[in-house]
Amino acid sequence: RKLVNTNKRLYLSLPKKQKALVAKSIVHAVRAQNPPGRFLARDPSNSLWCDIGDQKATEKTSQALREGAPDIRTEMAKEGQMEKGHIRG
């Protein structure tokens, strides 16, 4: 969750294709930890926890990055950090 929260503003300022790269890089960073992080869902057939795979993990990470987006965009606009969809440097 910390990686997601750290990258929300960046994610919201990027074009769609680059947003996917941010989500994939977070999934990779979580899985590269020692011990490795996992993305799990309960299997309804046997109630065991199973890894959801990279594609689903990336989708869920993208969803988490979008949480609170309207409020964050408003905050960024008030701070003058957004200019035509990009963070000013």
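Applying the salt bridge (Lys or Arg N to Asp or Glu O under 4.0 Å) rule to Arg31 yields the partners Asp51, Asp54; only residues at least two apart in sequence or on another chain are considered. Residues meeting the salt bridge (Lys or Arg N to Asp or Glu O under 4.0 Å) test with Glu59, sequence neighbours left out: none. The side-chain contact (heavy atoms from CB on, under 4.5 Å) check on Asn46 picks up Asp43, Leu48, with sequence neighbours excluded.
Salt-bridge formation is detected for the pair Glu79/Arg9: a Lys NZ or Arg NE/NH1/NH2 atom is positioned less than 4.0 Å from an Asp or Glu carboxylate oxygen.
Separation of atoms CG (Leu21) and NE2 (His28) is listed at 13.0 Å; rounding is to 0.5 Å. The structure places OG of Ser25 at 8.5 Å from CG of Leu3, a figure rounded to the nearest 0.5 Å. Interatomic distance, Arg73 CZ to Leu12 CG, rounded to the nearest 0.5 Å: 5.0 Å.
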Would you give me the side-chain donor-acceptor pairs under 3.5 Å for residues 61-72, sequence neighbours excluded?
residue : atom : partner : partner atom : Å
Thr61   : OG1  : Ala57   : O            : 2.7
Ser62   : OG   : Thr58   : O            : 3.1
Gln63   : OE1  : Lys60   : NZ           : 3.2

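The hydrophobic cluster containing Leu40 also includes Trp49, under a criterion of side-chain heavy atoms closer than 4.5 Å among ILVMFWY residues, counted directly or through chains of members.
Environment of CD in Gln33: crowded, with over 12 heavy atoms of neighbouring residues, nucleotides or ligands closer than 6.0 Å.
Residue pairs meeting the salt bridge (Lys or Arg N to Asp or Glu O under 4.0 Å) criterion with at least one partner in residues 13-24, sequence neighbours excluded, are absent.
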